[in-house]
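Remarks on the structure that follows.
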Number of protein chains: 2
Amino acid sequence: MLSKTDRLEKIIAKIGKQGYRMTPQRMAVLKVLIDNPRHPTVEQIHAEVEKDFPMTSLATTYKMVNLLKEMGEILEIDHSNAKAHYDGISSYPHPHLICTQCHSIIDLDLPSLPDIGELPQEVAQNTGYQITHFQFNFFGICPDCQENEL
Amino acid sequence: MLSKTDRLEKIIAKIGKQGYRMTPQRMAVLKVLIDNPRHPTVEQIHAEVEKDFPMTSLATTYKMVNLLKEMGEILEIDHSNAKAHYDGISSYPHPHLICTQCHSIIDLDLPSLPDIGELPQEVAQNTGYQITHFQFNFFGICPDCQENEL
DNA sequence: CTAAGTGCAAAGTATTTGCTTAGGA
DNA sequence: TCCTAAGCAAATACTTTGCACTTAG
């Protein structure tokens, strides 16, 4: 595990290597994301950035967050650019396989997957949360879209 | 596992029992959701409903879908009413615990959880998908919010 | 010097809501 | 009859985009 400082330097180097430029705004956003372990929203990031660097716009914050996301340096949680999809077949949670290209969604039925049905109770016991549901979704490119890419 | 017809009847009965009314529009939406295994969006549901019952508005379709969701009869996939959150600490996917009340998100580190790191490769091998990432998120009410509810 | 980044405001999407009319129980 | 549901349009909320100006490399 890299230290925060090392990580910061590594990302800065990577940004330069890919032809992007380092600006004070970008630096500020980057620092917040590396320092803040609370999974902030873009707005929260922006609010923190403003403390040190008041001239940063929300749009710029969005752009930097998206850049880092595309570079694979940060992880987006619980957000879909796409519309909501509904599973009318079963009301029991089960894993889905989602194609990020054609947006198709299929049920995933892997025998080797652990017994998912019991997990919510286990998580509840260990954390004190009242678990209502969960999402277990894999994202990727489906075989059809992979072919069409060629 | 109930047959589609049984399921339809069960839900219709439940709707009546809860004081809701059965209308042709609601029936049409319900049928689409029970019949269509493709995890449709609201817009897709609406398009199918329109074939049989052209007078149904998109807003009404939204309302019925939400009703069924609240009744626990259908499952919402990959959608968050909330804003996107970002995890800047690690670029490796790991489970999250999300409070649906205060929208806090914490990392979940359960030793008893199966070795999640290898799952993407396994899913890829079994399905032919090029897996890019996955989400493993539990939703519920955190201990703090449970207390404040009293 | 020049391509890339910024800030602003406007545009886009997906979804929800308020209000009036219609219609199920 | 009474009260919920439908339909429409406007509102909302988050995010993206176009464009003129600025700035990093």
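Order of the sequence lines fixes the chain letters, A, B, ..., with proteins taken first and strands second; residue numbering starts at 1 for each chain.
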Check: Tell me: OH of A:Y20 to P of C:dT2, nearest whole Å?
Finding: 22 Å
Checklist line | Spacing of A:Q44 atom CD relative to D:dT15 atom C1', expressed in whole Å | finding: 16 Å
Next item on the list: Output yes when at least one side-chain N/O atom of A:Y62 is less than 4.0 Å from OP1 or OP2 of D:dT16, else no.
Entry: no
Notebook entry, point to check: How are the rings of A:F139 and B:H133 set relative to one another: parallel (under 30°), tilted (30 to 60°) or perpendicular (over 60°)?
Noted result: parallel
Next item on the list: Take atom CD of A:Q18 and atom C1' of D:dG25, then tell me their distance rounded to the nearest Å.
Entry: 17 Å
Notebook entry, point to check: Has A:T23 got a side-chain N or O lying under 4.0 Å from the OP1 or OP2 atom of D:dT23?
Noted result: no
Item checked: Among D:dA24, D:dA9, C:dC8, the nucleotide that comes nearest once only the side chain of A:S57 is considered -> C:dC8
Notebook entry, point to check: Below 4.0 angstrom, N of the basic side chain to O of the carboxylate: do A:E73 and A:R7 qualify?
Noted result: yes
Checklist line | Distance-minimising heavy-atom pair for A:G128 and B:P143 | finding: O-CG, 3.7 Å
Check: Which nucleotide sits closest to the side chain of A:R26: D:dC8, C:dT6, D:dA5?
Finding: C:dT6
Margin query: Rounded to whole Å, how long is the line connecting atom CD1 of A:I15 with atom P of C:dA3?
Written below: 21 Å
Item checked: Any B:R21 side-chain nitrogen or oxygen under 4.0 Å from OP1 or OP2 of C:dG23 -> no
Checklist line | A:M27 CE - D:dA24 C1' separation (whole Å) | finding: 13 Å
Item checked: Phosphate OP1/OP2 of D:dT16: any A:N66 side-chain N/O under 4.0 Å -> yes
Checklist line | Atom-pair distance (CD on A:E43; C1' on D:dA13), nearest Å | finding: 9 Å
Notebook entry, point to check: Choosing from C:dC8, C:dG5, D:dG25, which nucleotide comes nearest the side chain of A:M22?
Noted result: D:dG25
Note to self: Rounded to whole Å, please give me the gap between CG in B:L58 and P in D:dA5.
What the structure shows: 18 Å
Checklist line | Taking every non-hydrogen atom, the tightest pair across A:I74 and A:V65 | finding: CD1-O, 3.6 Å
Next item on the list: Would you sort out whether B:L119 and A:F136 count as a side chain to side chain contact (heavy atoms under 4.5 Å, CB included), showing the intermediate values?
Entry: CA-CA 11 Å; B:L119 283 181; A:F136 195 0; 3.7 Å; yes
Item checked: A:F53 CZ to D:dT23 C1', straight-line distance once rounded to whole Å -> 11 Å
Check: Among D:dA5, C:dA9, C:dT6, which is the nearest nucleotide to the side chain of A:T60?
Finding: C:dT6
